[in-house]
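Here the structure comes first, spelled out in structure tokens, and everything after it is commentary.
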Amino acid sequence: MHADHDGAPQPCRPSRHTHHFQTRSEVARKFLRVANTHWLAALWLILLTTGLRRGEVLGLCWSDVDLDAGTLRVRRTVQKLDGVFVFGEPKSARSRRVLTLPSVCVAALRRQPDINRGRAAGEQRRVAGQPKDLVFVSTSGQPVDPRSVNRAFDRLLTKAEVPHSRVHDLRHTCATLLLAEGASDREVMELLGHSSIGITMNTYAHVLDDSKRRMASRMDGLFGEGG
């Protein structure tokens, strides 16, 4: 599933030491068993099942989410530059997208308002440019610091006893598992908000090659000498 650099000009590739599908899915399940008890459980689930970038999920507002329809709209990002929270536009036009949420994400998001109220401490104050209805907020009502997400992720990985990686690798895990399950490269491109199909195919060429080999094996099963 290492720190994410939102807005970096070059696409971030999966780690070279990529686990095969079964191992990657087992690691993800072990992580979620621990992460499900964390106050950011909904955030971890969204990152892993939709492939959102860290800055996109931290910039989510309740007005972007329709829990009854099970959809999520990506409209903004947030990052911290020189100690200041900066809200901005998504990375590209295709990054502005509407996603269908798995039911586990919807259930976790329904619990988040109570979690936020239970954690609130002292005066709640927003930073400059902060929308009033952020989904994920700190105890003071401000955006969650991306570095705090990184540190929490490291602690959860240790607790789950799985190999350490970057928050951004949850995005790669999402894409890898979907491709291995038969999702098309275009479907994954739209989910991740890549600006072109070429980025998706180049970043996940190793997974696509595996899929091609599996398809060839299926044809052998249908029409080969032993079929």
Side-chain angles (χ1 to χ4, degrees), residues 4-8 11-12 32 35 38-81 85-117 126-138 141-146 148-149 153 167-175 177-179 181 183-197 199-200 203-204:
D4 169 13
H5 300 288
D6 295 309
C12 183
L32 285 180
H38 191 262
W39 75 274
L40 288 174
L43 179 143
W44 307 123
L45 279 165
I46 291 170
L47 288 173
L48 184 56
T49 62
T50 71
L52 258 66
R53 299 173 178 94
R54 183 188 59 185
E56 292 173 341
V57 73
L58 291 178
L60 278 179
C61 291
W62 288 112
S63 54
D64 303 325
V65 181
D66 186 333
L67 295 179
D68 292 330
T71 59
L72 175 157
R73 187 181 298 272
V74 180
R75 289 173 168 158
R76 75 191 61 75
T77 66
V78 63
Q79 54 185 321
K80 200 170 188 182
L81 302 174
F85 287 106
V86 178
F87 290 85
E89 295 289 316
K91 193 172 182 180
S92 67
R94 286 191 179 274
S95 293
R96 301 180 69 90
R97 59 204 189 276
V98 179
L99 307 177
T100 299
L101 290 167
S103 58
V104 290
C105 290
V106 173
L109 282 168
R110 289 191 188 279
R111 296 190 291 269
Q112 195 63 40
D114 287 338
I115 293 172
N116 290 343
R117 282 191 291 269
R126 299 198 300 270
V127 300
Q130 177 181 336
K132 63 181 180 180
D133 61 337
L134 280 180
V135 173
F136 302 106
V137 291
S138 68
Q142 297 185 357
V144 179
D145 192 316
S148 297
V149 173
F153 186 58
V167 171
H168 198 77
D169 281 344
L170 291 172
R171 178 172 165 87
H172 294 315
T173 295
C174 173
L177 294 180
L178 287 173
L179 288 167
E181 283 289 294
S184 70
D185 46 9
R186 181 158 293 277
E187 288 172 323
V188 171
M189 178 199 77
E190 292 175 354
L191 180 71
L192 298 185
H194 283 159
S195 59
S196 72
I197 193 70
I199 293 175
T200 309
T203 305
Y204 300 104

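Every heavy atom of this structure was used, including side-chain atoms; hydrogens, water molecules and symmetry mates were not. All residue numbers refer to positions in the sequence shown, counting from 1.
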State whether the side chain of E190 and the backbone N or O of E187 hold a donor-acceptor pair below 3.5 Å, judged by distance alone.
no
Smallest separation among heavy atoms of A35 and W44, with atom names:
CB-CD1, 3.7 Å
Checking L72, L191, L58 against L52 for side chain to side chain contact (heavy atoms under 4.5 Å, CB included), the one that qualifies is L72
What's the separation between atom CG in L177 and atom CG in L48, rounded to the nearest 0.5 Å?
7.0 Å
Main-chain N/O of S196 paired with H194 side-chain donor or acceptor, under 3.5 Å:
no
Measure the CD-CD distance between Q142 and Q130 for me, rounded to the nearest 0.5 Å.
6.5 Å
Can you name the closest pair of heavy atoms from V57 and F136 and give their distance?
O-CD1, 3.6 Å
Measure across G193 and S92 and return the closest heavy-atom pair with its distance rounded to 0.1 Å.
O-OG, 3.7 Å
Got a salt bridge between R96 and E89, using NZ or NE/NH1/NH2 to carboxylate O under 4.0 Å?
yes
Residue pair P143 / V137, side-chain heavy-atom distance below 4.5 Å
no
Would T71 and D66 count as a side chain to side chain donor-acceptor pair (under 3.5 Å) if you check the C-alpha gap in whole Å, the side-chain angles of each, and the deciding distance to 0.1 Å?
CA-CA 5 Å; T71 59; D66 186 333; 4.7 Å; no
Nearest heavy-atom pair of P90 and S95: which atoms, and what distance?
CB-CB, 3.6 Å
Could you check whether any side-chain N or O of E56 sits under 3.5 Å from a backbone N or O of R53, counting only pairs where one atom can act as donor and the other as acceptor?
yes
Taking the side chain as every heavy atom from C-beta outward, state whether H168 and R54 have any atom pair closer than 4.5 Å.
no
Any side-chain heavy atom of V74 within less than 4.5 Å of one from V98?
no
For the atom pair SG (C105) and CG (L99), what is the distance rounded to the nearest 0.5 Å?
10.0 Å
Smallest heavy-atom separation, T50 atom then I46 atom, equals OG1-O, 2.6 Å
Between D68 and R110, is the closest basic N to carboxylate O distance under 4.0 Å?
yes
Using a 3.5 Å distance criterion without hydrogens, assess whether the side chain of D64 forms a donor-acceptor pair with backbone atoms of R75.
no
Indicate yes or no: at least one non-hydrogen side-chain atom of F153 is less than 4.5 angstrom from one of L40.
no
Got W62 and L134 here, is their nearest side-chain heavy-atom distance under 4.5 Å?
no
With the side chain counted from C-beta on, respond yes when L178 and E181 share a heavy-atom pair under 4.5 Å apart, and no when they do not.
no
Pairwise side-chain contact, P146 with F85, heavy-atom cut-off 4.5 Å (strictly under)
yes
Is the number of heavy atoms from other residues, nucleotides or ligands within 6.0 Å of CZ (R73) greater than 12?
no
Check whether any side-chain N or O of R76 sits under 3.5 Å from a backbone N or O of L60 as a donor-acceptor pair, and report yes or no.
no
Does the distance from a Lys or Arg side-chain N to an Asp or Glu carboxylate O, for R111 and D114, drop under 4.0 Å?
no
State the CG-OG distance between N116 and S138, to the nearest 0.5 angstrom.
9.5 Å
Heavy-atom closest pair, residues Y204 and A175
CZ-CB, 3.5 Å
Could you go through the side chain to side chain contact (heavy atoms under 4.5 Å, CB included) check for L109 and L67 one step at a time?
CA-CA 8 Å; L109 282 168; L67 295 179; 3.8 Å; yes
Working note: L192 + R171, criterion side chain to side chain contact (heavy atoms under 4.5 Å, CB included); need CA distance, chi angles, decisive distance, verdict.
CA-CA 8 Å; L192 298 185; R171 178 172 165 87; 3.6 Å; yes
